Asker: 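The following block contains the structure, expressed as structure tokens.
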Number of protein chains: 2
Amino acid sequence: MTKTGNRSSSAVEDYLERIQELIETKGYARVVDIAGSLGISQASVTNMVKRLDAEGFVRHEKYRGLVLTEEGESIAKAIGKRHRILTDFLNLLGVASAEVERDVEGMEHHLSADSLEAIESLCRELSSNPELLLRIKRSERESK
Amino acid sequence: MTKTGNRSSSAVEDYLERIQELIETKGYARVVDIAGSLGISQASVTNMVKRLDAEGFVRHEKYRGLVLTEEGESIAKAIGKRHRILTDFLNLLGVASAEVERDVEGMEHHLSADSLEAIESLCRELSSNPELLLRIKRSERESK
DNA sequence: TAAATAAATTAGCCAAGGCTAATTTTCATG
DNA sequence: CATGAAAATTAGCCTTGGCTAATTTATTTA
Ligand SMILES: [Mn+2]
Ligand SMILES: [Mn+2]
Ligand SMILES: [Mn+2]
Ligand SMILES: [Mn+2]
């Protein structure tokens with residue numbers, strides 16, 4: 001049986017998610033890019049990359065490039081999906097962009113598959129129901 | 001002006017929330033109670049209590065009791081509210097209890113006031129709209 | 001009230017995940 | 001193709017927040 005229960009830390013998830021995005025958009029993910037993009041020092045990124053390699057999430061040749069393994073990519077995709085669904089959700093509710101960004105970046109690491117699916121369905125419903133969204137936003141303005 | 005921007009760590013918030021709950025339900029919060037309730041060693045709790053005292057969130061006399069300051073209580077109340085609203089939300093969506101517990105315990109530390117209010121309004125709306133909830137749950141079952 | 005038990009604290013340890021400064025390797029460019 | 005700049009790594013440090021084992025203080029009970 002494949003070991004499947006190993007939850008990754010928030011930091012590991014953030015790194016993998018960002019590495020995947022960089023590869024997707026630029027074709028590669030250098031230490032310097034990851035560092036800039038996460039707002040972290042290059043030294044810290046080098047350390048983490050070493051760890052991600054040791055744990056089998058990336059393959060890394062010193063002073064050379066960086067590639068996601070199957071497992072690393074699968075985690076990256078999963079966290080990316082959680083990120084998108086939560087972003088979608090808070091955007092639908094009309095939360096301001098800067099706050100959506102911060103909230104999602106934290107919450108995405110604490111969502112079970114069930115909660116994720118429930119919120120996904122909720123978003124589908126909300127999207128196709130603009131009057132409902134209006135009622136919610138009105139109710140928000142009243143309560144403050 | 002009062003310093004108001006000092007975000008507390010997740011750990012600090014969890015401790016304060018639990019201390020407040022213990023005081024509310026048992027009248028006091030001993031180190032041993034906090035430890036048992038958070039699943040953490042007594043030694044670790046003693047350390048954190050020292051820190052919470054140093055930072056002005058509790059007042060603590062060695063080998064004696066523990067009391068929340070105004071500021072500590074205010075943080076505890078705020079995190080308690082986030083906890084309740086998120087719990088409410090996931091319960092409404094029909095997520096299983098054990099998962100609700102875990103998810104909420106993590107997510108509650110990453111919710112801005114705006115997101116919180118939006119979700120609160122959403123819950124009001126969902127509560128008074130059982131057919132909507134049904135549609136969401138149906139849509140959930142389909143999609144899996 | 002003395003002894004046993006419970007609670008709290010201290011001492012010393014560890015891993016995660018950051019940082020800066022110094023060094024090494026690679027790359028670009030004249 | 002030599003050299004300066006850019007990228008990456010290493011070394012050494014720090015804080016947070018856990019842990020166990022040993023000790024100290026408070027409380028209960030015989
Ligand atoms: Mn994140
Ligand atoms: Mn993310
Ligand atoms: Mn929590
Ligand atoms: Mn909580």
Side-chain angles (χ1 to χ4, degrees), chain A residues 5-19 22-23 25-68 72 75-76 79 102 105-106 108-110, chain B residues 6-19 22-23 26-68 72 75-76 79 102 105-106 108-110:
Chain A
N6 298 16
R7 299 242 42 196
S8 304
S9 72
S10 299
V12 166
E13 290 184 338
D14 281 337
Y15 273 94
L16 293 176
E17 183 187 12
R18 198 54 57 93
I19 288 168
L22 285 168
I23 289 176
T25 65
K26 318 184 42 167
Y28 56 85
R30 292 179 307 173
V31 166
V32 70
D33 301 316
I34 302 168
S37 162
L38 287 177
I40 276 174
S41 75
Q42 288 179 219
S44 297
V45 171
T46 294
N47 270 339
M48 179 58 92
V49 163
K50 208 180 303 179
R51 213 184 106 192
L52 294 176
D53 185 304
E55 295 182 10
F57 300 137
V58 307
R59 273 181 305 108
H60 176 226
E61 293 177 71
K62 264 197 191 176
Y63 292 104
R64 292 295 178 173
L66 194 56
V67 157
L68 284 168
I75 295 176
I79 176 70
R102 261 206 321 281
E105 208 45 67
E108 64 185 359
H109 310 288
H110 307 277
Chain B
N6 299 17
R7 300 241 43 192
S8 304
S9 72
S10 298
V12 165
E13 289 184 338
D14 282 337
Y15 273 93
L16 292 176
E17 182 186 11
R18 198 55 56 94
I19 289 168
L22 285 168
I23 289 176
K26 317 184 44 168
Y28 55 84
R30 293 179 306 173
V31 166
V32 70
D33 301 316
I34 302 168
S37 162
L38 287 177
I40 275 174
S41 75
Q42 288 180 218
S44 298
V45 172
T46 294
N47 270 338
M48 179 58 93
V49 163
K50 208 181 304 180
R51 213 185 107 191
L52 294 176
D53 185 305
E55 295 184 9
F57 299 137
V58 307
R59 271 182 304 110
H60 177 226
E61 292 177 75
K62 264 196 191 177
Y63 292 104
R64 292 298 177 169
L66 192 56
V67 156
L68 285 168
I75 294 175
I79 177 70
R102 261 207 321 280
E105 209 44 66
E108 64 184 359
H109 310 287
H110 305 278

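Quick caveat: nothing in here was measured; it's all calculated off a predicted structure.
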Asker: Rounded to the nearest angstrom, tell me the gap between atom CZ in Arg7(B) and atom P in dT16(D).
Answerer: 16 Å
Asker: Give every residue pair that meets the salt bridge (charged side-chain N to carboxylate O under 4.0 Å, His left out) criterion with at least one member in residues 27-45 of chain A, sequence neighbours excluded.
Answerer: Lys26(A)-Asp33(A), Arg30(A)-Asp33(A)
Asker: What integer distance in Å separates Leu52(A):CG from dA8(D):P?
Answerer: 15 Å
Asker: What's the CD-P distance between Glu13(B) and dT16(D), to the nearest Å?
Answerer: 15 Å
Asker: Taking only residues two or more places apart in sequence, or in another chain, which ones meet His109(B) in a ring pair (Phe, Tyr, Trp, His ring centres under 6.0 Å)?
Answerer: none
Asker: Is there side-chain contact between Val45(A) and Leu38(A), with heavy atoms separated by less than 4.5 Å?
Answerer: no
Asker: How long is the line joining CD1 of Ile34(B) and C1' of dA8(C), in whole Å?
Answerer: 12 Å
Asker: In whole angstrom, give the distance that lies between atom CD of Glu61(A) and atom P of dT26(C).
Answerer: 11 Å
Asker: Are Arg64(A) and dC27(C) close enough that a side-chain N or O sits under 4.0 Å from OP1 or OP2?
Answerer: yes
Asker: Just how far, in rounded Å, is C1' of dA11(D) from NZ of Lys50(A)?
Answerer: 10 Å
Asker: Can you tell which of dG18(C), dA8(C), dA8(D) lies closest to the side chain of Val31(A)?
Answerer: dA8(D)
Asker: To the nearest angstrom, how far is Asp53(B) atom CG from dA8(C) atom C1'?
Answerer: 15 Å
Asker: Taking side-chain contact (heavy atoms from CB on, under 4.5 Å) as the definition, give me every residue that meets it alongside Thr46(A), ordered by chain and number, with sequence neighbours left out.
Answerer: Val31(A)
Asker: To the nearest angstrom, how far is His60(A) atom NE2 from dA7(D) atom P?
Answerer: 15 Å
Asker: Counting only side-chain nitrogens and oxygens, does Tyr15(A) get under 4.0 Å of the OP1 or OP2 atom of dA16(C)?
Answerer: no
Asker: Under 3.5 Å, which donor-acceptor pairs link side chains of residues 52-62 of chain A to any protein atom two or more places apart or in another chain?
Answerer:
| from | atom 1 | to | atom 2 | distance (Å) |
| --- | --- | --- | --- | --- |
| Asp53(A) | OD2 | His60(A) | N | 2.9 |
| Glu55(A) | OE2 | Arg51(A) | NE | 3.3 |

Asker: Rounded at 0.5 Å granularity, tell me how far OG in Ser8(A) sits from CD1 in Ile79(A).
Answerer: 9.5 Å
Asker: List in chain and number order the residues that pass side-chain contact (heavy atoms from CB on, under 4.5 Å) with Ser41(A), two or more places apart in sequence or in another chain; answer none if no residue qualifies.
Answerer: Ala43(A), Ser44(A)
Asker: Could you go through nucleotides 19-25 of chain D and list every protein N or O atom that sits under 3.5 Å from one of its N or O atoms, giving the distance for each pair?
Answerer:
| from | atom 1 | to | atom 2 | distance (Å) |
| --- | --- | --- | --- | --- |
| dC19(D) | OP2 | Ser41(B) | N | 2.9 |
| dC19(D) | OP2 | Ser41(B) | OG | 3.1 |
| dC19(D) | OP2 | Ser44(B) | OG | 2.8 |

Asker: Given dT9(C), dT10(C), dA8(D), identify the nucleotide with an atom nearest to the side chain of Val32(A).
Answerer: dA8(D)
